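Here is the structure we will look at, set down as structure tokens.
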Amino acid sequence: MKGFFSAEEMGKPDFCDECGLFRTCITPKMSYTGNGNKKTLIIAEAPGEEEDAKGIQLIGQAGQLLRTCLNKLNLDLDQDFWKINSVNCRPPKNRKPTKKELQCCKPNVEKAIEELKPNFIWLMGTVAVDSFFMSMFSGEPSIGKWRRYVIPFHKYNCWVIPMYHPSYINRVKDTKLQMVFENDLQYAVSCLNLERPVEIDYNNKINKLTNFSIIMEELNKVNNNEKPMFFDYETSSLNPYKANQKIWSVSFATSSEEAFAFPLHYPYWDEIELFAIEEMWKTILKNPKILKIAHHLKFEDKWNRTVLNTKTQGWDWCTMTTQHILDDRAGITGLKFQAFTRWGIFDYEKNIQKYISTNETTQNNLDKAPLQELLQYGGLDSLFGFKLWEEQKLEICRKKPLQKGNALFLEGIKALCDVEENGIGADKEYYEQEHNRLTEEIFKIEETLYACPEALIYKQHTGKDINLKSTKELNILLYDLLALTPEKLTDKGKNSVDFESLNLIQTDFTRNLVTYRKYLKTRDTYLAQFKREICPDGRIHPTFNLHFARTFRSSSNDPNLQNIPVRDKEARISCRTGLIPSKGNQIGEVDFSSLEVRIMACYTNDPVLMDYINDKTTDMHRDQAIDILQLPASEITKELRFHTKNSIVFAFFYGSWYKPCAEGFWKNIKGLKTVSGVDIYKHLKSKGLEYYKVADLGIASSFERHLQKIEIKFWEKYKVTKEWTEYQENFYLRHGYVELKTGFRRSGYLKRNQITNTPVQGSAFHCLLWSLIELNKEIKSRNLKSKIVCQIHDSIVLDIVSSEVQEIVKVTREIMTERIRNEWKWITVPLDVEIELAPIDSPWLDKEEYKED
DNA sequence: GACGTGAGCGCG
DNA sequence: AAAGCGCGCTCACGTC
């Protein structure tokens with residue numbers, strides 16, 4: 001059946017003129033086709049060659065895949081659906097439609113929707129999503145983020161279900177992706193019996209309180225009723241530790257029927273009124289019988305501690321953290337995104353957005369926003385937060401294994417909130433001086449670089465000085481003007497100018513450029529950041545997040561304390577000299593030794609791996625180095641072992657293979673010597689092992705062939721680990737997710753390495769998190785004055801009172817090696833820690849191995 | 001001017 | 001067959 005519109009009627013002619021695609025295709029302005037028995041409209045991308053030739057959507061290869069999959073579900077693409085494209089004329093050579101073309105064709109799609117009034121709209125692929133939600137969301141068109149949502153779309157009174165485009169499945173050819181696609185399709189089909197969505201007006205459910213006695217009355221009710229309460233602040237910035245911060249307004253909800261909002265530090269009250277309201281609100285916060293819920297618990301808790309000087313009691317749930325546990329995808333935890341995908345609510349922040357500044361000023365302008373709008377916005381946040389909590393409780397109930405993870409992370413964010421409050425001491429004066437010093441160094445190197453012949457050549461050809469920070473201009477210089485051969489490509493296939501590439505060139509220019517980059521990185525990424533983040537109390541208060549990492553690890557930002565240089569000596573000194581203990585204290589760091597390998601052993605139960613871990617006289621990396629380097633154990637230096645471990649053993653475990661490993665390892669051992677001082681390349685040569693690359697001839701060097709044999713032996717040795725990776729992949733194919741022993745699941749399209757890496761990386765961090773929670777409790781209950789100041793995936797950093805060092809070390813070791821194994825029986829190998837300590841009043845830089853007596 | 005992306009690089 | 005995984009920050013650059 002043909003659609004309603006004839007070619008002439010499709011869209012406004014001026015839009016089509018502007019787009020122009022209709023001039024170059026066989027079937028211009030293709031109307032929708034199909035019978036739509038299931039009242040479902042499929043919106044795809046654009047006609048391909050076959051579609052264009054026959055005037056029917058989805059009949060090419062991709063369409064056939066969709067047809068087959070639907071047939072398996074007893075559906076017929078032509079009978080049960082209507083089909084239309086986001087762009088309805090074929091773009092030449094099937095290229096991706098441009099934004100303009102999508103815009104021009106949108107009215108055609110909308111017309112079809114208005115005519116057909118579908119119950120369901122399936123959006124196939126990124127382009128369809130991007131086009132459909134055009135101007136509703138800035139950017140983020142990634143389909144991975146949108147798939148698996150069934151969105152009530154009130155404008156068209158229907159449900160919108162985004163999915164992968166079948167052509168993507170065809171192109172990638174991966175059974176795992178195919179599985180995800182078919183599951184999604186099945187899910188979408190299972191929704192076909194839904195009634196049309198019901199739109200609810202939430203705007204009239206907000207009580208904006210601006211009368212003093214009414215506020216006091218409502219707060220009194222909350223305090224007396226003692227029902228679970230969601231609350232939310234609008235504040236003057238994201239960081240309450242910065243100077244002069246305010247909580248402009250407060251909102252809360254104790255049911256999904258109504259929410260309340262009132263001004264706090266928003267300029268409105270006189271002193272006496274404000275005092276009374278603050279005290280009443282604090283009473284509620286301190287009432288442990290009132291369970292507290294927030295979307296980003298840590299945020300509200302921090303503001304209570306600092307601005308209201310109040311420790312919140314009764315924290316029960318963080319809807320943002322739980323959302324991450326329910327669905328680990330990036331960019332979905334925001335309340336706005338949840339409100340849209342769950343209830344079709346959209347754009348309720350639009351009146352307030354312009355007052356929330358995004359730049360670096362320490363305060364936003366929310367105090368200049370009209371009070372009624374501010375309160376309306378805040379109230380809606382609380383209402384939606386409460387609704388979200390209600391739905392999440394049910395979802396977590398249905399997914400029992402996740403309750404463990406949810407509980408761990410709730411305790412985790414509370415403990416990390418303490419860590420953030422503690423902050424780490426920072427020497428502002430030092431960072432300013434060091435920043436200036438590096439600026440001078442950078443200036444000198446710049447002068448040297450501009451005097452190099454390379455820079456002059458660039459100027460001759462282009463008429464301007466080269467921007468040494470520009471990868472694009474460096475690319476032109478090195479591979480165009482100087483005609484050097486690129487050895488490495490970037491992810492997107494361009495010639496790389498990174499360290500590795502520059503290092504191969506070995507001229508004065510590239511050597512200086514490498515140093516120049518290092519200094520810039522040190523100054524601009526670290527020193528500048530530290531300078532900016534030092535608060536009036538002389539400390540840096542970073543954030544530690546549990547709602548980002550897809551493996552359920554943590555992350556850190558503002559500043560990120562988890563990536564401060566340590567391997568490069570010069571950068572390490574520059575950055576770490578200014579991170580200091582409180583007066584009279586010592587910085588200590590406790591690391592889990594080889595944590596990920598141990599956790600991997602817990603997952604795989606590989607006896608060979610477990611033997612290595614259990615028997616401290618053996619060393620898996622040393623044994624591997626013996627084989628690879630053809631050296632006796634006595635000739636293997638620390639460095640040689642180190643590179644074997646990192647470039648080969650770990651790489652193999654995480655899914656790499658001999659070819660890239662041979663290349664990487666060979667580069668990394670350059671210049672190293674054996675214990676008796678023989679150059680390692682020379683030694684390997686004497687064993688007939690050499691590495692070279694012959695472009696495109698497919699000739700493997702002797703070292704590469706050697707490593708190929710090593711790899712075969714490696715997997716014979718660790719065959720149980722190998723079997724486990726296969727089991728994991730199978731489990732994922734059957735269930736659509738991978739499961740962690742610590743109460744988490746990761747779903748969506750995962751590559752092979754992600755399937756094996758996620759449980760190991762995640763659960764390893766959970767060991768650290770559990771230990772941190774325990775240690776934090778212990779410090780409090782023993783009334784110790786030492787503080788946890790940072791956490792880096794498998795280590796805890798402390799600001800330790802000198803007289804407490806022994807006690808802290810003892811209890812930390814006990815927690816991390818003994819108590820944790822009592823708590824988690826799945827840890828079937830011993831855990832071990834390494835402890836480092838810096839002298840009194842010395843920076844983190846000076847940490848040294850700590851020997852217990 | 002705001003925003004997103006790519007390249008590069010720091011850590012576990 | 002296959003080119004470890006996970007993050008955050010900065011700059012350049014293109015787009016609207």
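Since the model is a prediction, treat every value here as computed from it, not as a measurement. Below, chains carry the letters A, B, ... as their sequence lines are ordered, and counting in each starts from 1.
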task = Would you kindly compare Asn467(A) and Ala549(A) by the position of their nearest DNA chain C nucleotide and give the one closer to the 5′ end?
result = Ala549(A)
message = Salt bridge or not between Glu500(A) and Lys667(A)? Use side-chain N to carboxylate O under 4.0 Å.
response =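 The answer is yes: the pair qualifies as a salt bridge.
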Heavy atoms from C-beta onward define the side chain here; which of [options] lies closest to that of [X]?
X         : options                   : result
Arg517(A) : dG8(B), dC11(B), dA7(B)   : dG8(B)
Phe548(A) : dC11(B), dG8(C), dA2(C)   : dG8(C)
Lys469(A) : dA12(C), dG8(B), dA3(C)   : dA12(C)
Tyr526(A) : dG10(B), dG12(B), dC9(B)  : dG10(B)
Asn563(A) : dG10(B), dC13(C), dG4(C)  : dG10(B)
Lys472(A) : dG12(B), dG10(B), dG14(C) : dG14(C)
Phe499(A) : dG6(B), dC9(B), dG10(B)   : dC9(B)
Asn557(A) : dG8(B), dA3(C), dG8(C)    : dG8(C)

task = Using the six-membered ring of Tyr749(A), assess whether NZ or CZ of Lys176(A) lies under 6.0 Å from its centre and within 45 degrees of the ring axis.
result = no
task = State which residue, out of Phe653(A), Phe650(A), Trp657(A), Tyr658(A), fulfils the ring pair (Phe, Tyr, Trp, His ring centres under 6.0 Å) condition with Phe714(A).
result = Phe653(A)
